[in-house]
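A short write-up of the structure that comes next.
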2 protein chains.
Amino acid sequence: MSHFPNHSEENYLKVIFKLQQKKLRKLNNIAIANALDLNPATVLEMVRKLVKKNLLELKEDKSIQLTEKGKKKALLTIRRHRLWEVFLVNKLQYKWNEVHDLAEQLEHIEAKDLTDRLETFLGHPVYDPHGDPIPDKNGKIKAHETIALSSAIKGKHYIVKSFADTSDVFLDYLSQQEIKPGLKIKIVQLHEFDQSLEILSGKKQFQLSQKVALNIFIQPL
Amino acid sequence: MSHFPNHSEENYLKVIFKLQQKKLRKLNNIAIANALDLNPATVLEMVRKLVKKNLLELKEDKSIQLTEKGKKKALLTIRRHRLWEVFLVNKLQYKWNEVHDLAEQLEHIEAKDLTDRLETFLGHPVYDPHGDPIPDKNGKIKAHETIALSSAIKGKHYIVKSFADTSDVFLDYLSQQEIKPGLKIKIVQLHEFDQSLEILSGKKQFQLSQKVALNIFIQPL
DNA sequence: CTTTTTTATTTGGTATGCCAAATATTTAGA
DNA sequence: TCTAAATATTTGGCATACCAAATAAAAAAG
């Protein structure tokens, strides 16, 4: 039996998709290595393999890009990930900040129909518990018109939609502060000195660092 | 990320447990190799590794046996497998004969609480869709001294232990009637005509069809 | 334009889990 | 008991997916 060769491959594609979205300069091996916590030599090997499989391509400037095929594969993995997250939160009563790692395992399970059945069972959810949109069965994703909290305007009202960072530490922090998708906030004060902001939600007012604000996506209300 | 080393190991333990149950003479490498469709040399290697890990032991006659530790691990894997099968059939509407391979993948997923949450979500099923009993969280398979409610005796007191049918419709029905494990009941009346029964629980009295009674397991109080 | 730093690549190595084929050992049949 | 068949074991190899360390090449800085 082949040893779940899709796991590694899918993780690479998913990470590359996410890095591409961030549009940080040109995407290189080291960025991928950092994101996956791997050695650059390892990444190089895999990138070559994925190029051979027509899932990645190298542009003239040597930056790494997903092909259409690779992008679709990445999006279908993301789809599975997000649907499982919905399952874990809505059905198994996990907290929204606890499910990432578990979904990371479940996303690689492949079986005829599984994802679509899961989607049906969950009632065709459009967003996962972190507020991120769930790609459809063709890998199409609804682009939501969110902005980073760090670029919010003083005095305006917003609704929290989703988060850029999915690490445990960040999600724990958010859950401690009771910040979650759907939270309605008002920007009370912007501090130029350290780019931190003061925010009002209901009667609770709190201050967020720039680092945090960069990782929270909001929409104007 | 560790490379899911538990997959192989768990498959060996599970298969060995099942072969042991069949009590075919003494269990040897070739039997395991056949069951897993592997080369005997491969099995030998793994058996040695599992002996080193105190999951298997070799008896004087060189037959392969699970240790207590190994047996427990096997049973917990079987538990996960069977619970996922229930999920796939009852929630995702797969047919009972379609789910084995998929459950084979799901059973290896490990996360704090996952199995117990799944069990709760599924309504503490006692049998999987194939009619096999599901081990509890300690790896114990209930050698049940329960009887079906349909064979209860008039006037006696019982406690509801489990259910044979774990389908949504049945579980919904039970929850409407507020019947769940732990409920104490008294048999008020047996109707010979249709084999239905009248039951008293606290101050609430209700009638259950034979079909329902066949699917409820009870113990004398 | 040269030096330094960063990035890419090569090389040799690891672990897991698998294989086929050769050899040794055990068991059982005659 | 001797031999044939079954089983166990050894040996050398393969693929995947990783690594560290050395080297080469490219990019940035001076």
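Just so it is clear: chains get the letters A, B, ... in the order the sequence lines come, proteins before strands, and each one is counted from 1.
In this structure, the CG atom of Leu38(A) is 11 Å from the P atom of dA17(D), given to the nearest Å. Counting to the nearest Å, the P atom of dA15(C) and the NE2 atom of His7(B) are 21 Å from each other. Taking atom NZ of residue Lys52(B) and atom P of nucleotide dG17(C), one finds them 13 Å apart after rounding to whole Å. Rounded to an integer number of Å, the gap from Asn11(B) CG to dT16(C) C1' is 14 Å. When the P atom of dT16(D) is taken as reference, atom CG of Leu50(A) falls 12 Å away, rounded to whole Å. Atom NZ in Lys59(B) sits about 16 Å away from atom P in dA8(D), given to the nearest Å. The distance between atom CG of Leu58(B) and atom C1' of dT9(D), rounded to the nearest whole Å, is 13 Å. Between Glu45(A) atom CD and dC19(D) atom P the separation is 10 Å, expressed in whole Å.
Donor-acceptor pairing under 3.5 Å is lacking for the side chains of Gln20(A) and Gln65(A). Between the side chains of Ser196(A) and Gln207(A), at least one donor N or O lies within less than 3.5 Å of an accepting N or O. Checking Asn11(A) against His108(A) by side-chain atom types alone, a donor-acceptor pair falls below 3.5 Å.
Thr42(B) has no side-chain polar atom (N or O) that falls below the 4.0 Å cut-off from OP1 or OP2 of dG17(C). Regarding contacts with the backbone of dA8(D), every side-chain N or O of Lys26(B) stays at 4.0 angstrom or more from both OP1 and OP2. Note on Lys49(A): a side-chain N or O is less than 4.0 Å away from OP1 or OP2 of dA17(D). Between Tyr12(A) and the phosphate of dC18(D), there is a side-chain N or O to OP1/OP2 separation shorter than 4.0 Å. For dC18(C), one of the phosphate oxygens OP1 or OP2 lies less than 4.0 angstrom from a side-chain nitrogen or oxygen of Ser8(B).
Because its NZ or CZ atom is both nearer than 6.0 Å to the ring centre of Phe121(B) and within 45° of the ring axis, Lys91(B) counts as a cation-pi partner of that residue. Geometrically, Lys14(B) does not engage Tyr12(B) in a cation-pi contact, judged by NZ or CZ lying under 6.0 Å from the ring centre and within 45° of the ring axis.
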Strictly under 3.5 Å: I want the nitrogen or oxygen pairs between protein and nucleotides 4-9 of chain C, one per line.
from: dA8(C); atom 1: OP2; to: Asn29(A); atom 2: N; distance (Å): 3.4

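Evaluation of the salt bridge (charged side-chain N to carboxylate O under 4.0 Å, His left out) rule for Lys72(A) yields no partner, not counting sequence neighbours.
Distance CZ/Arg82(A) to CD/Glu85(A): 8.0 Å, rounded to 0.5 Å.
Asp37(A) comes within contact range of the sugar-phosphate backbone alone, with a heavy-atom separation under 4.0 Å but no base atom that close.
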